[in-house]
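As structure tokens, the structure follows; a few thoughts come after it.
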Amino acid sequence: MLALAAQMAAALSRSGQSGGLIFLEGTLGAGKTTFSRGLIHALGYQGAVKSPTYTLVEDYTCQLGRICHFDLYRLGDPEELEFMGIRDYLDDGVLCLIEWPDKGRGVLPEADLEIRIEDLGDSRELALIARTATGQAWLAAWPEEPAS
Amino acid sequence: MRVLGLETSCDETGIALYDTERGLLAHRIYSQIALHAEYGGVVPELASRDHVRKALPLIHETLNEAGLTVKDLDGIAYTSGPGLVGALLVGACLGRSLAWALGVPSVGVHHMEGHLLAPMLEDTAPDFPFIALLVSGGHTQLVRVDGIGRYELLGESLDDAAGEAFDKAAKMMGLPYPGGPALSKLADSGDATRFRFPRPMTDRPGLDFSFSGLKTQVRTTILDCAVEGVLADQDKADIAACFQAAVVDTLAIKCKRAMQQTGVKRLIIAGGVGANRRLREQLQQTAESLKGQVFYPRPQFCTDNGAMIAFAGACRLLAGSAADLAVAVVPRWPMTELAPVDTLARPQGQQHG
């Protein structure tokens, strides 16, 4: 999971487009936060990356720019995103990682990239689906070898 | 000095009246748990709206119980952070404008400082310094407290808070919201030795916590035990007991380590998970093994409440702190940024431990 997150970080850097919207889908305990933490660390943030479940959003600044890590698990209604000021986060250049995007359907725009994590017990299967040109640019910039 | 305290940072509306000469006069807590239960969690905007609906009637009830009116107030304290911004704004707007209308000072209180000082509301209160374990749905922290506003963060959770881990494990097991207390109740009839869950980060030095991995452990164990997707009642109880034991052991090991490292013999427990009976028993044993002492607020002051805000606010108002006319809230606010004060607003003649 962490190796993949490091590859994702490399792809973001190489594509020259660090801002965008990533959805993370998977059951409770599948590894959405673990992947996000790995990505945020691989992008150069050095502090603790805590679960955003309680706070709904955690904000990080690293070399590449600003990263906002959302967990919509506790959201009752997608419209609540408006009260959180979601539009201010979805700015150009900000990388938004959104866990439980289903809870925001209708208010959230389309993702650049969807990451679906399937829990197979002792392993995980990840599907990466590009939904926009930005998402395609990220996948095109994917490194051949796992980043060390 | 009579201080009205308002707590609206999350899903409890807490109102209390604290008198620096007579102690706590009256308090009221309204919980939104029923409101949020159908969503399986706190809904930020609903929370704000509900605070708006409940705050004024609760202030009236609290004043009535104490036989006072707003004219008897000498100061107002409200939680100004950290928390959900919409919810915080309800208490801050109300507190600041009421103080302005009455011509009395007001002060914004740090929610976690409220929790840290909550044991001071009890008849037997700890002397400084003490080690505080703050455990709730949003926090797991070990703090060294040398005085009011003199806090040193010794360790904290690097991922999920302990209460969050309880709630998520409960959700995986299909227990009703709020999951933590339901899981603890179920654990009473379970065998805590059947499965071996890890005690995360206890095998290396340091005082930080990590509870995220336990979630995966619970999930794997559920999958192993379930027959055609259905978990037997005894399996459920055993998983709950093993999970609870893992969290409680981990917290106890780190508390012991914090007391040993600092040489401080007094431990206080605060936050919602602090009401967990198993945790209390185990920390009692831990402290006794170190010839130390444990202090708790009463269970209703472990979770969010107005009394702790009124008390912390009274300490700060006595020291002359007062907010300017702006209504300000701070959703993210490190505890270590607070200014130290030396005014402990406890009535004279109460015991110290």
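Chain letters run A, B, ... following the sequence lines, proteins first, then strands; residues in each count from 1. Please read all numbers here as calculations on a predicted model, not as lab measurements.
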Hey, does the side chain of A:R66 reach the backbone of A:D59 with a donor-acceptor pair shorter than 3.5 angstrom? no
For chain B, which of A:S51, A:A48, A:P52 has the most heavy-atom pairs under 4.5 Å? A:S51
Return each pair, listed once, that meets ring pair (Phe, Tyr, Trp, His ring centres under 6.0 Å) where at least one residue sits in residues 28-60 of chain A; pairs must be two or more places apart or across chains. A:Y45-A:Y60
Heavy-atom pair with the smallest gap, counting every atom of B:P176 and B:A182: O-CB, 4.1 Å
Side chain proximity check, A:T132 to A:W138, heavy atoms < 4.5 angstrom: no
Indicate yes or no for a side-chain donor-acceptor contact from B:K254 to the backbone of B:M201 under 3.5 Å, with no hydrogens or angles considered. yes
For chain B, which of A:T34, A:D119, A:V49 has the most heavy-atom pairs under 4.5 Å? A:D119
Under a 4.5 Å cutoff for heavy-atom pairs, which residue among B:S212, B:G83, B:G137, B:G213 has the most contacts with chain A? B:G137
Are there residues of residues 152-170 of chain B whose heavy atoms fall under 4.5 Å of chain A's heavy atoms? If so, which? B:E156, B:S157, B:L158, B:D159, B:D160, B:E164, B:K168
Quick check: do A:E58 and A:S36 have side-chain heavy atoms less than 4.5 Å from each other? no
Shortest non-hydrogen contact between B:S9 and B:T79, atoms and distance: CB-CG2, 3.9 Å
